[in-house]
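The chain is numbered in sequence order, starting from 1.
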Amino acid sequence: MLEHRSLDLKGAALALLLSALWGANPVAIKLGLTDVAPLQMALLRFTVSALAIFAFAMASGRRDVLVIQRGEARPIWSLGLLFVLQIALMNLGLERTTAAHGVIVLNSYAIHTVVFAHFMIPGDQLTPRKLTGVLVAYSGVIILFARGFTTSSGTLPGDLVVALSAVLLGERIVYIAKTVRRVDPVRLMLYQSIIGSIGFFLISFTLEAGRPTRWKTTLILSIFFQGVVIGGFNFVVNAWLLNIYRPSALATVALTTPIWGVLIAAAIGGEALAPATILSTLLVVAGIALSMQP
């Protein structure tokens, strides 16, 4: 097995591109939600994502990607159902808040990951420095909540729902870290999208049957971005980077994700860069940076 190497210019550029794209994902969802119901959006996204991952598997010679091996069914189903709940809450929350708020609150999942890992991953302890990082990042999120209580923006309900989604995302990341040791990661990601597609079809058909879908250019681009760019390109390139470069170096570049998201929300979504939003972003980034240290 080749040793992971330090991040060079090419790797840093690709990692930075992935961070920017991940930061743009909540913005793409928010823009698409003007023309489609939130659970229908998730259905469309993960149908496209499943096709993209399956195409990658076939192109890379993974003909057995759909064959569930012995002992894989339970973790696949558990993660798939957790995936449905987490994404449903994220989309429902983003419908009720701004894209910038969604980016900041959702990216607090990294802090929840640190906390869950303390209890679920042997040897991954919550050190004083990590605890400081958790408190700093949470303070950034609390600033957004406090602003929702003191202003008439109406974002607080959405912020709270996205915050719950971030908690579940942190739990899902830790569960995946434990599961990929015995379940093929490509198979796992593919079945997450398949289970998500089926789950969102059933839920959306039940709860959103009366809501129309307007097939505008914005919606088509939003679905393409979420399903192909995030669910396909980002997944493939991230897996390639993790196979070559040190994960700690890649994680450092990933700290820029919420910053990219807030800037993209301002540039594309036309959202104002309020001082509280900027402060919250910096606190979440700083908290995540501290929590990554041993």
Side-chain angles (χ1 to χ4, degrees), residues 19-39 41-42 45 85-115 133-173 218-219 221-222 225-226 230 254-289 291:
S19 296
L21 293 175
W22 269 311
N25 194 47
V27 182
I29 295 172
K30 181 67 178 178
L31 292 174
L33 286 173
T34 59
D35 299 311
V36 67
L39 301 181
M41 166 72 81
R45 169 189 174 178
L85 180 58
Q86 183 255 312
I87 297 299
L89 289 171
M90 181 183 71
N91 281 18
L92 289 168
L94 283 171
E95 190 180 37
R96 294 162 175 80
T97 189
T98 65
H101 280 212
V103 168
I104 296 168
V105 176
L106 187 64
N107 277 279
S108 69
Y109 82 87
I111 302 303
H112 303 306
T113 300
V114 171
V115 176
V134 169
L135 296 176
V136 170
Y138 275 142
S139 68
V141 176
I142 289 172
I143 287 175
L144 289 184
F145 291 160
R147 186 167 180 264
F149 278 115
T150 57
T151 66
S152 58
S153 62
T155 61
L156 182 60
D159 291 341
L160 292 172
V161 175
V162 176
L164 181 55
S165 175
V167 173
L168 294 180
L169 178 55
E171 164 69 10
R172 189 163 66 88
I173 294 297
T218 303
L219 175 58
L221 291 176
S222 174
F225 183 84
Q226 296 173 62
I230 298 298
L255 292 174
T256 63
T257 297
I259 297 175
W260 283 112
V262 170
L263 293 176
I264 292 170
I268 298 179
E271 297 182 5
L273 285 175
T277 302
I278 297 173
L279 178 59
S280 296
T281 304
L282 296 177
L283 286 172
V284 169
V285 170
I288 294 171
S291 69

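- Remark: Leu144 CG to His101 NE2 distance equals 4.5 Å, nearest 0.5 Å.
- Nearest heavy-atom pair across Val162 and Gly102 is CG1-O, 4.0 Å.
- The shortest heavy-atom contact between Gly158 and Arg96 is CA-CB, 3.7 Å.
- Smallest separation of non-hydrogen atoms from Pro38 and Leu33: CA-CD2, 3.4 Å.
- Residue pairs meeting the side chain to side chain donor-acceptor pair (under 3.5 Å) criterion with at least one member in residues 254-273, sequence neighbours excluded: Thr256-Trp260.
- Screening residues 99-112 for salt bridge (charged side-chain N to carboxylate O under 4.0 Å, His left out), with sequence neighbours left out, gives no hits.
- Taking CD1 from Ile29 and CE from Met90, the interatomic distance works out to 3.5 Å, rounded to the nearest 0.5 Å.
- Put simply, CD1 on Ile278 and CD1 on Ile143 are 12.0 Å apart, with the number rounded to the nearest 0.5 Å.
- With sequence neighbours excluded, the residues that form a side chain to side chain contact (heavy atoms under 4.5 Å, CB included) with Leu31 are Val27, Thr218, Ile268.
- A ring-centre distance under 6.0 Å is found for His112 and Tyr138.
- Every residue two or more places apart in sequence or in another chain was checked for a side chain to side chain donor-acceptor pair (under 3.5 Å) with Ser19, and none qualifies.
- For Pro26, the side chain to side chain contact (heavy atoms under 4.5 Å, CB included) partners at least two apart in sequence or on another chain are Leu94, Val103, Leu106.
- For Val284, the side chain to side chain contact (heavy atoms under 4.5 Å, CB included) partners at least two apart in sequence or on another chain are Ile104, Val141, Ile288.
- Every residue was checked against the side chain to side chain donor-acceptor pair (under 3.5 Å) condition with Ser108, not counting sequence neighbours, and none meets it.
- Residues satisfying the side chain to side chain contact (heavy atoms under 4.5 Å, CB included) criterion with Ile173, sequence neighbours excluded, are Tyr109, Thr113, Leu169.
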Would Leu21 and Ile230 satisfy side chain to side chain contact (heavy atoms under 4.5 Å, CB included), going step by step from the backbone distance to the final call?
-> CA-CA 7 Å; Leu21 293 175; Ile230 298 298; 4.1 Å; yes
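- Residue Leu219 comes nearest to Gly32 through the heavy atom pair CD1-O, 3.8 Å, listed as atom of the first residue, atom of the second, then distance.
- Within the structure, every pair that satisfies the salt bridge (charged side-chain N to carboxylate O under 4.0 Å, His left out) test and touches residues 27-36, not counting sequence neighbours, is listed here: Asp35-Arg214, Asp35-Lys216.
- Between Asn91 and Leu39 there is no side-chain heavy-atom pair separated by less than 4.5 Å.
- In this structure, the separation between OG1 on Thr277 and CG on Leu282 is 11.0 Å, given to the nearest 0.5 Å.
- With sequence neighbours left out, the side chain to side chain donor-acceptor pair (under 3.5 Å) criterion links Thr98 to no other residue.
- Atoms OG and CD1, from Ser165 and Ile87 in turn, are 6.0 Å apart once rounded to the nearest 0.5 Å.
- Gly140 and Ser280 make their closest contact through O-OG, 2.9 Å (heavy atoms, listed as atom of the first residue, atom of the second, distance).
- In plain terms, the two heavy atoms of Leu156 and Phe145 that are nearest each other are CD1-O, 3.8 Å.
- The structure places CD1 of Ile111 at 9.5 Å from CG of Leu135, a figure rounded to the nearest 0.5 Å.
- In terms of the side chain to side chain donor-acceptor pair (under 3.5 Å) criterion, residue partners of Glu95 (sequence neighbours excluded) are, by chain and number, Arg211.
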